[in-house]
Amino acid sequence: MTVFHFFNCAILTFGPHAVYYSATPLSEYDTIGTSVKAATVYLGTALVKELLKALIGFIDVAGLYFALTQLTHRNISQNHKFQAVGLGWAFADSVLHRLAPLWVRARGLEFTWEYILQGLEANANLVLTISLAALGSLMWLRKNKPRALVPIIYACAGILATMPSITSYLRRGLGWHLPKVVGFELFASLMMAFISWQLFSACQKPSA
């Protein structure tokens with residue numbers, strides 16, 4: 001029954017394309033090659049779009065680089081600098097993306113878990129952002145870090161930079177509901193915070 005349902009849905013989805021080709025002069029002029037080429041171009045275009053979506057997170061990396069290296073900071077330590085930058089970055093993100101929905105919808109009389117979950121999501125984003133800022137400070141400000149840790153630092157920063165794309169895929173691609181996504185974000189934020197802290201601590205130790 002499941003296979004039968006699959007074939008019914010597949011015919012409904014892809015059948016009209018074959019019918020259109022057969023019922024129009026396209027079949028008489030043997031234009032299938034053109035259609036295949038157009039489909040190939042579309043697949044390439046879709047791949048580029050997906051890559052661009054994945055690269056959006058790296059715009060945050062560029063912004064954090066500017067905030068950490070180009071903005072004028074008072075005489076504060078590296079430890080305090082990345083925390084201050086990460087805190088300000090995460091706060092601005094929450095104001096931009098969450099304040100208006102809270103103000104407009106969360107003041108209703110009916111209780112809903114949606115905005116509680118959004119608050120937890122903001123907390124996870126805070127931890128992830130500070131972790132990314134910590135790794136950024138190691139990449140761009142820490143010169144005498146152990147060479148063995150450099151690939152790990154860059155790999156972890158890459159994971160953090162693509163986290164928005166990962167959560168977007170979980171929601172839209174896999175159909176995860178908000179509680180499950182937030183649970184994943186909280187777990188990932190704690191794991192990445194622990195790893196970032198370990199890397200940062202290891203880079204603070206004097207090299208032998």
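Heads up: numbering here begins at 1 and tracks the sequence.
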Note: K180-E121 ion pair, threshold 4.0 Å (strictly below): no
S189 versus L128, closest heavy-atom pair with distance: CA-CD2, 3.5 Å
Minimal non-hydrogen separation, A134 against S137, with atom names: O-OG, 2.6 Å
Residue of the set T129, N125, L126 for which side-chain contact (heavy atoms from CB on, under 4.5 Å) holds with W89: T129
Same cluster (ILVMFWY, side-chain, under 4.5 Å), L120 and M191: no
Pairs meeting criterion ring pair (Phe, Tyr, Trp, His ring centres under 6.0 Å) with involvement of residues 148-187, two or more places apart: none
Passing candidate, ring pair (Phe, Tyr, Trp, His ring centres under 6.0 Å) with F82, options W140, F200, W197: F200
ILVMFWY network linking V150 to M192, side-chain heavy atoms under 4.5 angstrom: yes
Value rounded to 0.5 Å, distance of CD1 in I166 from CD in E185: 10.5 Å
K81 side, atom NZ; T69 side, atom OG1 - distance, nearest 0.5 Å: 8.5 Å
Closest contact, heavy atoms only, S131 versus S196: CB-OG, 3.5 Å
Atom pair OH (Y65) and CD (Q70), whose distance is rounded to the nearest 0.5 Å: 5.5 Å
Side chain S22, main chain V19, donor-acceptor under 3.5 Å: no
Whether K145 side chain and L138 backbone form a donor-acceptor pair below 3.5 Å: yes
Heavy-atom donor-acceptor pair, T167 side chain to P164 backbone, under 3.5 Å: yes
Hydrophobic cluster membership, I153 vs V127, 4.5 Å side-chain cutoff: no
Distance, nearest 0.5 Å, that separates SG of C156 from CG of L149: 10.0 Å
Same apolar cluster (I L V M F W Y, side chains within < 4.5 Å links), L190/L132: no
Minimum-distance pair of heavy atoms, taken over all atoms of T162 and I159: OG1-O, 3.1 Å
I195/L199 under side-chain contact (heavy atoms from CB on, under 4.5 Å): CA gap, chis, key distance, verdict: CA-CA 6 Å; I195 295 172; L199 290 172; 4.0 Å; yes
L96 reachable from I130 in the ILVMFWY side-chain graph, under 4.5 Å edges: no
Exercise: identify the closest heavy-atom pair between L68 and A133: CD1-O, 3.8 Å
